[in-house]
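Just so we're clear, the structure is a prediction, and the values are computed from it rather than from any experiment. As the structure lists them, so they are numbered: ligands from 1, and atoms in each ligand from 1.
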Amino acid sequence: MGRVQDKVVFITGAARGQGRAHALRLAQEGADIIAVDICEDIASNAYPLSRQTDLDETARLVEKLGRRIVARKADVRDAAALKAAVAEGVSELGKLDAVVANAGISPLGHQQSAQAFIDAVTVDFIGVVHAVEAALPYLPDGASIVATGSLAGLATATTDNPALGPGGTGYSFAKRNVASFVHDLAMVLSPRRIRVNAVHPGNCNTDMLNSDIMYRAFRPDLDNPTREDAMSSFPATSAMGNPYIEPEDVADSVLFLVSDESRWVTGMQHRVDSGGYVKKRPQQPAF
Ligand SMILES: NC(=O)c1ccc[n+]([C@@H]2O[C@H](COP(=O)([O-])OP(=O)(O)OC[C@H]3O[C@@H](n4cnc5c(N)ncnc54)[C@H](O)[C@@H]3O)[C@@H](O)[C@H]2O)c1
């Protein structure tokens, strides 16, 4: 028996990066997956988002593990599209036990307009609310909701730096609100023993981090920094000296939070940040 044997888990942003790692780790432990991803770009986001081929590859890898998957192209800003994807997934897979609201963008850049702020908020925060909204009618008592926040939502002087533009401010705003949403929703759903927790990664080795716009954020002293240039600055957000964590490191925490091993764990801000939060020694609670 796997640690999430025969559970059905809805994952947003599942085409690549952390979302794909969550799908594979959960499938390894016996889960079936409902996966969505935008599979196209958002104009204010300087690096490319996923493509249909990425989502197809996640589906192939889940099936290779012997589990079922319903994968749909859907934008988390579109509540109706998420509801349709979840409805199709539940009709094919029979039920829904957990949600992993992971999809996100990081539309940094000092030349961006206010639209970048709106895009960060609507994808990184409202998209989480939409994912929960789509899943809630199907979730049984004892279900699990996991939302992906960020160290940037728990500590100041990260993406809220004005040099990173309106999208950076929007990213911090959105992730702070993910933390707050999880806290209050945990209280609301506790009578049904539905658990609501956040994972807050620090730097994670995905396309979001490995992008020119992120290299510039870490090396503002250079005009066109490369990944190699940024590598020396990445450890600034870690207390442990590592430049980043791997998607699989976050997936292990998501697995715990989806599994019944965490059945009495709710409202938790679970940091997977190499001590980035304690290094910054915030003086106030994060939400
Ligand atoms: N990479 C990091 O350093 C880091 C650090 C902290 C938090 N995070 C958070 O982790 C989560 C996963 O990001 P990642 O690191 O895997 O990056 P990623 O860019 O590789 O993956 C994000 C996925 O979300 C999808 N997506 C984006 N907008 C979408 C939308 N509107 N609707 C549906 N899907 C959408 C993308 O296509 C992509 O497949 C995000 O919420 C991100 O904010 C990342």
Checklist entry - Is it true that H200 lies under 4.0 Å from ligand 1, counting heavy atoms only? => result no

Checklist entry - For atom 15 (O) of ligand 1, which protein heavy atom lies nearest, and how many Å away is it? => result T206 OG1, 2.6 Å

Checklist entry - Do F234 and F218 have their ring centres less than 6.0 Å from each other? => result yes

Item to check | For atom 36 (C) of ligand 1, closest protein heavy-atom neighbour | outcome: D37 OD1, 3.4 Å

Checklist entry - Does a side-chain N-to-carboxylate-O contact under 4.0 Å join E29 and R25? => result yes

Checklist entry - Got a salt bridge between R227 and D212, using NZ or NE/NH1/NH2 to carboxylate O under 4.0 Å? => result no

Checklist entry - Looking just at side-chain N and O atoms, do D160 and T169 make a donor-acceptor pair shorter than 3.5 Å? => result no

Checklist entry - If you look only at pairs with a residue in residues 136-150, which of them pass as a side-chain hydrogen bond (donor to acceptor under 3.5 Å, both in side chains), with sequence neighbours excluded? => result D141-R192

Next on the checklist: Does only the side chain of I38 get under 4.0 Å from ligand 1, or the backbone, or both, or neither? Count heavy atoms.
Outcome noted: both

Checklist outcome for this item: atom 28 (N) of ligand 1 sits nearest the protein heavy atom I105 CG2, 3.5 Å

Checklist entry - So which of D207, T206, T58, D54 actually passes side-chain hydrogen bond (donor to acceptor under 3.5 Å, both in side chains) with R16? => result D207

Next on the checklist: Quick test: of every protein heavy atom, which one is nearest to atom 22 (C) of ligand 1, and how far off is it to 0.1 Å?
Outcome noted: G104 O, 3.7 Å

Checklist entry - For ligand 1, is there an atom lying under 4.0 Å from some heavy atom of T12? => result no

Checklist entry - Quick one: do R68 and D32 make a salt bridge, cutoff under 4.0 Å? => result yes

Item to check | Heavy atom of T148, distance to ligand 1 below 4.0 Å | outcome: yes

Checklist entry - Stepwise, does the salt bridge (Lys or Arg N to Asp or Glu O under 4.0 Å) test hold for R51 with D41? => result CA-CA 9 Å; R51 294 292 177 265; D41 293 338; 2.9 Å; yes

Checklist entry - Can you list the ligand 1 atoms lying under 4.0 Å from a non-hydrogen atom of N203? => result 3 (O)

Item to check | Nitrogen or oxygen atoms of D124 and ligand 1 under 3.5 Å apart | outcome: no

Next on the checklist: Between ligand 1 and Y244, can you find any atom pair, the residue atom being a heavy atom, that is separated by under 4.0 Å?
Outcome noted: no

Next on the checklist: In terms of relative ring orientation, are F181 and F125 parallel, tilted or perpendicular, with 30° and 60° separating the classes?
Outcome noted: perpendicular

Next on the checklist: If we set the cut-off at 4.0 Å for heavy atoms, which region of V76 has an atom near ligand 1: side chain, backbone, both, or neither?
Outcome noted: both

Item to check | ligand 1 N/O within reach of Y171 N/O, cut-off under 3.5 Å | outcome: yes

Checklist entry - For atom 5 (C) of ligand 1, which candidate among C204, G202, S150, P48 provides the closest heavy atom? => result G202

Checklist entry - Of all the non-hydrogen atoms in the protein, which one sits nearest to atom 18 (P) of ligand 1, and at what distance? => result R16 NE, 3.5 Å

Checklist entry - Is the shortest distance from a heavy atom of G149 to ligand 1 less than 4.0 Å? => result yes

Item to check | Options V123, N45, N102, D78, ranked by nearest heavy atom to atom 40 (C) of ligand 1, top entry | outcome: N102

Next on the checklist: Quick check: D75 and ligand 1, any N/O pair under 3.5 Å apart?
Outcome noted: yes

Item to check | Lys/Arg-Asp/Glu bridge criterion (N-O < 4.0 Å) met for E57, R60 | outcome: yes

Item to check | Smallest separation among heavy atoms of L164 and T159, with atom names | outcome: CD1-CA, 3.7 Å

Next on the checklist: Is the contact between A74 and ligand 1 made by the side chain, the backbone, both, or neither, using heavy atoms and a 4.0 Å cut-off?
Outcome noted: backbone

